[in-house]
Amino acid sequence: MEENPQKAGALVFAVNGERFELTNVDPSTTLLEFLRTQTRFKSVKLGCGEGGCGACVVLISKYDLVLDQVEDYTASSCLTLLCSIHGCSITTSEGLGNSKDGYHPIHERIAGFHGTQCGFCTPGMCVSLYGTLVNAEKKTDRPEPPSGFSRVTVAEAEKAIAGNLCRCTGYRPIADACKSFAADVDMEDLGFNSFWRKGESNEVKLSRFSKYDHSKNGRGFPMFLKEEIKPGVLLASKNQSWYNPTSLEELQSLLKLNHINRITTKLVVSNTGMGYYKDTDGYDKYIDLRGIPELSIIRKDPTGIEIGAAVTISKAIETLKQECICDFSSEKKLILDKISDHMGKIASEFIRNTASIGGNLVMAQRKHFPSDIVTILLAVDTMVHVMTGTQFEWLTLEEFLDQPPLHSESLLLSIKIPSWNSNTSASPDHTSKFMFETYRAALRPLGNALHYLNAAFFAEVAPCKDSGGVMIATCRLSFGGYGTKHAIRARKVEDLLVGKLLNFSILYEAINLLATDVVPGDGTSKTAYISSLASGFLFEFFNPLVDLPVRITNGYLNRNSGFSFTRAHELLEDHEQVRHDNISTLLSSGKQVIQSGGKHHPIGEPIIKAGAALQASGEAVFVDDIPSPINCLHGAFIYSTKPLARIKSIKLNPELQLDRMREIISSKDIPTGGENIGSKTIFSSEPLFADEVAKCVGERLALVVADTQKLADTAANSAIVEYDIENLDPPILSLEEAVKRSSFFEVPPFLYPKHVGDISKGMAEADHRIHSAEIKLPSQYYFYMETQTALAVPEEDNCMVVYSSSQCPEYTHSIIARCLGILEHNVRVITRRVGGGFGGKAIKSMAVATTCALAAQKLQRPVRMYMNRKTDMIMAGGRHPMKITYNVGFKTNGKITALELEILIDAGIYTDISPIMPHNILGSLRSYDWGALSFDIKVCRTNHPSRSAMRGPGKVQGSFIAEAVIEHVASALSIDADAIRSINLHTNKSLGYFFDDSSGEHLEYTLPSIWNQLAVSATLDQRTEMVKEFNKTNIWKKRGISRVPVIFPVTMRPTPGKVSILWDGSIVVEVGGIEIGQGLWTKVKQMTAFALSAIQCDGSRDLLDKVRVVQADTLSLVQGGFTAGSTTSESSCEAVRLSCNVLVERLMPLKERLQGEMGNVNWETLILQAHYQNVNLAATSFFVPSITSMNYINYGAAVSEVEIDLLTGETTVLQVDIIYDCGQSLNPAVDLGQIEGAFVQGLGFFMQEEYTINPDGLVLADGTWNYKIPTLDTIPRRFNVEIINSGHHQHRVLSSKASGEPPLLLAASVHCATRAAIKEARKQLISWSDVEELDSTFQLEVPATMPVVKELYGLDIVERYLKWKMGKHSIPGSA
């Protein structure tokens, strides 16, 4: 093979100011991989490996030698190839500031606004914001900001984190921290924080902010790198090389040479395509195209704008927004502005900053990537410049797309957006106007989500003097992203419209014809919805030029008359600007009302979460941040892709580097005396590996152990498993099949809930009955930001230390010992913190830790695993799906007299915690007084992965069932659902009847007062009337509002605690509970400081800063139990209080003696003397809750208001108001975060998250591309939360109550409000036709995604409207 004349050099770059020089680099290595394995900087986290979560964001700074300026941009380090950063300076969150050098104001404000919980995503958030601040300071045309602020605007600051995912906080406090840097921020709009108190002046607020000097933002570009700026550096490793050609001639030579020698080559600009296509193929050569001037060109002239293929999407957006475009009229500039606006909805900013225009187009041309950019460029007649070998040609974008996939020697050089010329023949008097609009329907308005459909329409229209209407001179209608090879133009519709006078009849004909142009590809899901979207987009584009003014008559919209030429001309003038300007700038705001303080200082104070700044800087250590021990190996699971099959053989792909694959671990490697056990509950256990038969998709078959995590993942993904299904029964993959084959798990009698009342009598008393109504509820994935992970280190004397991200280390400890066949004292499990759990790091984490321990024992080397997101999602199981059938009887006034249910629960293949589900479901289902309640609940065993506990397991479903029944009764009676809820709320008497001892004393039942208080604070009556008025006056938007309660019983569990006081008076605390982001450590610190202050010596009221809570260690503190069920924080606090009481009792005699001798005695002196006098300063306790305090009920209520777009089905949550009873909150700031975060997670379950599977049960929603949790742009626009401190029950832990799970159930209010809006849309549909009234008792599925919503009021709503407008009233069928 010929050698290229380039001479190999070194890769030089900086990380946080430190110089790195590498000479032997694998070009496939990502920046994230290098940072996490070769440096001490661990703030960059691996959350998805797809560029879809923002956990790995870094700031890349690049020096331009010609312009003598530095370009700064954020980037996703999991996709950025290390070789591409030659000469660059990388900044991570530790580089902004840290505990040693001082935190950056970003860290301090994120902490001060209570914007961290688990903290795994926080460093990425900080860097995303930092990048926005840095670039805002370069906008010198903006005025100098006030002291402490940046040049950034509120909208820019908020959107800085729009692409970052967080599963814990609900985003609102993070957004407030971001907005606090904006010069134009309204201080009153900033939410609850630790800097100031309510009512203080802006001057006081500013004085308390962490100081920010916008002129000194950053460490500056390292001087040593400016000397390293050398173009054309060749980088080489053993088998691969990286080239940086600086001319097209050099590139042509390389491509020709590679083709002749059959060298596999990858052309690289940014590598962001890896996030979608997961290209695992190895390449001999990587060629970086960014150094070729022709590919980075930006040329503007009267004929148009040419943009090089290597120009990033962000740079293209900036270019199109510039106002100095030569000879472009304001009308044409507006078109370019809209193109740039649409590009700003593609991916997220840290992807757009590196992804190239050309790369996007080539992916669409070669691999049929569903590109937005292709669609919008197709509509404006874009040209592309292509090089093939030494030949160059200009093609239309349409021609380019229709060609065979680009040859390996072909290259896209640039695109050209033309300057459009008017069709003078169509409008001789030059009154024609260009119209341009782009559309995309996606789960997230601001991007970071693939669309269902995108479209872009360009038209030249002119007013017609003769008719007073609008004539279409030319039009280009492009559609993309619906399962076809690439975007297309709707040619038939274009031909129909050109030259026509626009009217309802023509528009109706065009929309019907559109179905022949836009045909979703084979295998595309939701095809009817996609076709409906196409009709809606076309209608929205042309309708303003046709539709007449309307007025309200008898509550319905009626037509008007008098359309003139003048009116047509005005419509053309207004059309472009109206939709463009109708964009909300702010994404979130809210009001938080808390009651803090009290007699238990510092309990009840909203202190900052322990370690919040440490989390923000990225110094908080998670399991995968622990440096790998010497000779550490890495593991990855091989799992079954069949739901029920015999495993005949497992082989690795022979093409892999087998010399670096160390072992395949399976059940055969479990030592003599050990058990094949991977997890356990009180009900049963689950095997670590399938022995001979895999019983579900995702079941563990083996573990590949390799030198690196990347190699292990690659080997596991390419493993060849031979299956056999001969003589096996068909798998059970549905609840119906489970019932048919009597496949059930047994529920222990003590866990099966009791029926309430006489169901026959209740049904007999009813005036009305509904029979055999059905509800189906899906699963939900945890989406903890940190996937399952563990590190096992073998030690002397057959011992094993395992670091596990676990909610229950004690159980993990026991499982490891049983699997390895050793005594439990030979095992030690350590958990410092967990990067999000939600129940998924309880049972499901045990097998990961156990597998690492098994491999480490066999190989006598450390073994660690960090599960990739896809594998995690396939194996997780998630929330329990259910099918519910019910009968309900009720009075004419809405009072329900009887509810009878049949519930089928899909538990998956192994027991896990599933037998507890009937108990949990009934816990929240009893939230209303049903009169009589009867049920038959079956826990079904299916060949799906085991379902496990997920935040509010069973109770989320039970609460939703209750609300669905209420809605159904309201519809049947045509009574407002809020009235039905009110009449069926529990009285004190019925509460005791349904909940027995859990109901507590009369004063504890605060729901009635909350219910009434919320109606007032949320102005429910007034807003309900406003919603009605809005719905009367708006055709294509409908609103709904709903109020729902939550009744959530919880149980406290026994928990240990240990408090030790050291020589200097500092205090070390251990508890059984695990810090998973819920603020447990913070509350424990507060409790320790409070309980020890009872010693009442000088300084004892200021002990908070002396307290440190340390990691859980199963050999140091036993009987730790589970961290679950919302009550672990308060149980841990009580355990600590008991320990502190012991210490105070031991110290009190000494204090009194010292006071007698010395007068006043301070804390440090007391403790020093206690050590000298051999007082035992370590106390351990084990809190066992009493019968009177073990069970209690949480109460709250929420009002949600939504708006749906009838053309797309998109639901916008306009406002949410919550009142929640926290008892006497241990820390209202922590509880506030729990309430908001839980609600948003519930919002995901009810409205967004589709955990889809194929017919075999294999998860299809296996990454950030196709599983969409809420983001900043999908949370409530206004989010108001009030915490009331009732504090009636003195037997609870200082009268506190739980906050982790109950608020999640309140998100059902959004679902109910959406249903109300749909109901209004269906009523409107009736007013357009002569059909019978639509069934008002429709079921709204969960999640209520855009297709689900739109289907309920008619996918043909546009066609029905046009028929109505044309005066045709014979509309068959119903929506």
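Computed from a prediction, not measured in an experiment: that's the story for all the values here.
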Exercise for the section: Examine Lys45 relative to Phe120 and say whether NZ or CZ is less than 6.0 Å from the centre of the six-membered ring and inside a 45° cone about the ring axis. Expected result: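 Geometry flag: set, cation within 6.0 Å and 45°.
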Problem - Pairs where residues 109-134 contributes a residue and the test salt bridge (Lys or Arg N to Asp or Glu O under 4.0 Å) is met, not counting sequence neighbours - result: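 As it turns out, there is no salt bridge (Lys or Arg N to Asp or Glu O under 4.0 Å) pair with a partner in residues 109-134 once direct neighbours are skipped.
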Strictly below 4.0 Å, N to O, side chains only: are [X] and [Y] in salt-bridge contact?
{"X": "Lys62", "Y": "Glu71", "value": "no"}
{"X": "Arg151", "Y": "Glu144", "value": "yes"}
{"X": "Asp1217", "Y": "Arg1023", "value": "yes"}
{"X": "Lys1038", "Y": "Glu1201", "value": "no"}

Problem - Heavy-atom check, side chain of Met1247 versus side chain of Thr1211, under 4.5 Å - result: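 Yes, close enough: below the 4.5 Å cut-off.
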Problem - Any Val1213 side-chain heavy atom under 4.5 Å of Phe1279 side chain - result: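 SC-SC contact between Val1213 and Phe1279 ruled out.
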Handout entry: Result of checking Phe181, Phe195, Phe192 against Phe113 for ring-ring contact (aromatic ring centres under 6.0 Å, His included)
Key =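 Exactly one candidate clears the test, Phe195.
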Practice task
Answer yes or no: are there more than 12 heavy-atom neighbours, outside Met1026 itself, under 6.0 Å from its atom CE?
Solution key: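 No, CE of Met1026 has 12 or fewer neighbouring heavy atoms, counting only those of other groups under 6.0 Å.
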Exercise for the section: Decide if the gap between the ring center of His451 and the ring center of Tyr439 is smaller than 6.0 angstrom. Expected result: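 Ring centroids of His451 and Tyr439 are no less than 6.0 Å from each other.
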Exercise for the section: Taking the six-membered ring for Trp and the single ring otherwise, decide whether the centroids of Phe434 and Phe458 are under 6.0 Å apart. Expected result: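 Centroid distance Phe434-Phe458: below 6.0 Å, so yes.
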Exercise for the section: Look only at the side chain of Asn1031 and the backbone of Val1027, and say whether a donor-acceptor pair between them is shorter than 3.5 Å. Expected result: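 Flag set: sc Asn1031 to bb Val1027 pair under 3.5 Å.
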Practice task
Check step by step if side chain to side chain contact (heavy atoms under 4.5 Å, CB included) holds for Asn164 and Tyr171.
Solution key: CA-CA 10 Å; Asn164 294 71; Tyr171 300 100; 5.9 Å; no
Problem - Side chains of Thr1212 and Glu1203, donor plus acceptor under 3.5 Å - result: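 Their side chains do not contain a donor-acceptor pair, so the 3.5 Å distance test is not met.
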